[in-house]
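To start, the structure under review is shown below, and the notes come after it.
In each ligand, atom 1 is the first atom listed, and ligand 1 is the first ligand listed.
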Amino acid sequence: MEKEVIDGVTMKRALTRITYEIIEQNAQLDDLVLVGIKTRGIYLAQRIAQRLTQLEGRQVPVGELDITLYRDDHHQPGPNDPEVHGVSLPVSIENRHVVLIDDVLFTGRTARAALDALLSQGRPQRISLAVLVDRGHRELPIRADFVGKNIPTSLDEQIKVAVMEHDGRDGIYIQKNS
Ligand SMILES: O=P(O)(O)OC[C@H]1O[C@H](OP(=O)(O)OP(=O)(O)O)[C@H](O)[C@@H]1O
Ligand SMILES: O=c1cc[nH]c(=O)[nH]1
């Protein structure tokens with residue numbers, strides 16, 4: 001059974017805070033490119049871009065990465081690395097500051113695959129990682145630069161982020177794997 005741990009209003013506030021932090025760290029918003037990781041990271045990237053426009057009056061390009069986990073058991077960390085299926089970047093990332101955006105950071109394997117995919121497209125000046133939820137249990141030396149919520153979990157739990165655009169509601173939920 002799933003339990004709501006963060007409601008939609010609090011989730012929106014966390015995204016707004018991440019947006020402010022990105023602004024603070026980027027005097028030159030001209031150099032910024034946001035890249036969302038499928039599925040929900042793409043919607044979160046679009047929302048942060050919209051908020052940036054509202055707050056700063058600037059349009060920031062948003063790209064997409066399609067990365068699928070190849071795991072025997074989707075709920076447990078496994079030995080197989082995620083696979084990159086698609087990279088869609090609206091502008092060159094050469095010498096830009098790329099902020100990768102995902103909903104959940106767990107083992108870090110998706111983020112690592114995303115870094116590989118980005119670096120195959122050019123040489124950004126810098127790559128940062130923004131996640132709505134850091135649930136711990138890293139298997140690689142990867143950390144997020146911008147974190148919406150740290151939610152400590154056990155390995156038999158799963159974090160589900162719901163976004164209005166895909167799930168018809170906003171919120172963060174935790175459920176026990178059966
Ligand atoms: O740090 P990791 O262990 O790699 O886990 C994090 C990834 O897992 C989820 O993706 P999922 O494969 O469930 O795809 P989805 O976003 O399309 O649901 C989540 O959206 C992250 O991309
Ligand atoms: O709990 C988890 C782990 C990986 N990906 C998720 O979306 N949730």
Side-chain angles (χ1 to χ4, degrees), residues 1-8 10-12 14-15 17-19 22 33-49 62-89 93 98-121 124 127-178:
M1 204 190 66
E2 70 175 26
K3 188 180 100 185
E4 185 184 78
V5 282
I6 304 286
D7 65 22
T10 311
M11 176 172 142
K12 283 198 190 83
L15 287 172
R17 180 168 47 73
I18 289 174
T19 310
I22 291 172
V33 182
L34 306 181
V35 177
I37 299 177
K38 199 177 171 193
T39 303
R40 289 165 186 80
I42 294 175
Y43 298 107
L44 298 180
Q46 289 166 351
R47 287 201 200 180
I48 288 171
V62 180
E64 301 181 1
L65 289 181
D66 180 356
I67 295 170
T68 302
L69 300 176
Y70 274 85
R71 290 175 175 161
D72 295 339
D73 178 352
H74 217 64
H75 302 295
Q76 294 289 332
N80 302 319
D81 282 341
E83 202 157 281
V84 178
H85 285 283
V87 182
S88 167
L89 300 170
I93 56 170
V98 177
V99 181
L100 271 174
I101 299 172
D102 207 351
D103 57 345
V104 179
L105 179 58
F106 178 39
T107 65
R109 290 177 189 272
T110 300
R112 191 207 57 82
L115 287 173
D116 279 357
L118 276 181
L119 292 170
S120 74
Q121 303 293 308
I127 302 176
S128 304
L129 176 63
V131 296
L132 183 59
V133 179
D134 182 348
R135 62 161 291 191
H137 303 290
R138 218 77 78 240
E139 295 177 357
L140 297 172
I142 284 183
R143 62 165 181 80
D145 302 275
F146 308 100
V147 179
K149 295 284 171 191
N150 283 290
I151 303 181
T153 56
S154 58
L155 280 173
D156 65 351
E157 290 171 325
Q158 182 83 0
I159 293 288
K160 297 279 180 200
V161 171
V163 294
M164 192 61 80
E165 301 89 326
H166 191 264
D167 308 292
R169 60 179 176 170
D170 281 342
I172 302 175
Y173 305 83
I174 194 163
Q175 70 182 40
K176 281 254 186 242
N177 295 329
S178 49

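Using a 4.0 Å cut-off between charged nitrogen and carboxylate oxygen, R40 and E64 do not count as a salt-bridge pair. Classification of R47 and E165 as a salt-bridged pair holds, one side-chain N sitting under 4.0 Å from a carboxylate O.
Residue E157 has no N or O atom closer than 3.5 Å to an N or O atom of ligand 2. Where the criterion is an N or O separation shorter than 3.5 Å, residue side chain and backbone included, I37 fails it with respect to ligand 1. For a threshold of 3.5 Å applied to N or O pairs, the pair formed by L105 and ligand 1 contains no separation below that value.
Contacts with ligand 2 closer than 4.0 Å are made by no heavy atom of K160, backbone or side chain. Looking at D103 against ligand 1, only its side chain comes within 4.0 Å, counting heavy atoms. At a heavy-atom distance under 4.0 Å, only backbone atoms of K38 (N, CA, C or O) approach ligand 1.
Side chain of E157 to backbone of S154: a donor-acceptor contact under 3.5 angstrom is found. Proximity of a side-chain donor or acceptor of D145 to a complementary backbone N or O of L129 within less than 3.5 Å is detected. Side-chain atoms of R169 never come within 3.5 Å of backbone atoms of A162 as a donor-acceptor pair (strictly under, hydrogens ignored).
Classified by interplanar angle (parallel below 30°, tilted 30° to 60°, perpendicular above 60°), the ring pair H166/Y43 is tilted.
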Original post:
Where do D170 and K12 land on the salt bridge (charged side-chain N to carboxylate O under 4.0 Å, His left out) test, with the steps shown first?
Top reply: CA-CA 8 Å; D170 281 342; K12 283 198 190 83; 3.4 Å; yes
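The I159 neighbourhood of ligand 2 comprises atoms 1 (O), 2 (C), 6 (C), 7 (O), 8 (N), with distances under 4.0 Å to a heavy atom of that residue. Taking every non-hydrogen atom of F106 and a distance limit under 4.0 Å, the qualifying atoms of ligand 2 come out as 3 (C), 4 (C). Each of the following atoms of ligand 1 lies closer than 4.0 Å to a heavy atom of D102: 20 (O), 21 (C), 22 (O). Interface of G108 with ligand 1, defined as ligand atoms under 4.0 Å from a residue heavy atom, comprises 1 (O), 2 (P), 3 (O). Of all atoms in ligand 1, listed by their number and element, those nearer than 4.0 Å to a heavy atom of R40 are 18 (O). Shown in contact with T107 at under 4.0 Å from a heavy atom are these atoms of ligand 1, numbered in order with element: 1 (O), 2 (P), 3 (O), 4 (O).
Within the 4.0 Å heavy-atom cutoff, P82 does not count among the residues contacting ligand 1.
Because its NZ or CZ atom is not both nearer than 6.0 Å to the ring centre of F106 and within 45° of the ring axis, R109 does not count as a cation-pi partner of that residue.
The shortest side-chain heavy-atom distance between V133 and V161 falls under the 4.5 Å cut-off.
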